[in-house]
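Structure first, then comments.
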Amino acid sequence: MGSHSTQARAVRYKGFLLLEQPNQSWLVRPERSPMVLLPFRTPICTLEQVKQILNYRLSQEQALNQNQAA
């Protein structure tokens, strides 16, 4: 039996770790606490799409925080 060498990408972006999964989906985790967003998984997508998803979620969280402060 041979072993399959898989090199998953790990990318740092805006305080988050983007970890590519074996099925080409991504696990997005904050690098440190306090967490702005909880960790989440994406569907199968490209690195650029993961960044867009994260940017969208961050903008939603920022808008929610601004509404609560008002």
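A quick note: this is a predicted structure, and the numbers were derived from the prediction, not measured. The figures that follow rest on heavy atoms only: side chains count, while hydrogens, waters and symmetry mates do not.
- Pairs passing the salt bridge (Lys or Arg N to Asp or Glu O under 4.0 Å) check and including a residue from residues 28-39, sequence neighbours excluded, read Arg12-Glu31.
- Residues Val11, Tyr13, Phe16, Leu18, Trp26, Val28, Val36, Leu37, Phe40, Leu47, Val50, Leu54, Leu58 make up the rest of the hydrophobic cluster containing Ile53, defined by ILVMFWY side-chain heavy atoms closer than 4.5 Å, directly or through other members.
- With sequence neighbours excluded, the residues forming a side chain to side chain donor-acceptor pair (under 3.5 Å) with Gln21 are Arg41, listed by chain and number.
- In terms of the side chain to side chain donor-acceptor pair (under 3.5 Å) criterion, Gln52 has no residue partners (sequence neighbours excluded).
- The list of salt bridge (Lys or Arg N to Asp or Glu O under 4.0 Å) pairs with a residue in residues 14-23, not counting sequence neighbours, reads Arg9-Glu20.
- Expressed to the nearest 0.5 Å, how far CD of Gln62 lies from CG of Asn55 amounts to 11.0 Å.
- Within the 4.5 Å cutoff, side-chain heavy atoms of Pro39 are placed close to those of Pro30.
- Listed by chain and number, the residues in a side chain to side chain donor-acceptor pair (under 3.5 Å) with Gln49 are Thr46 (sequence neighbours excluded).
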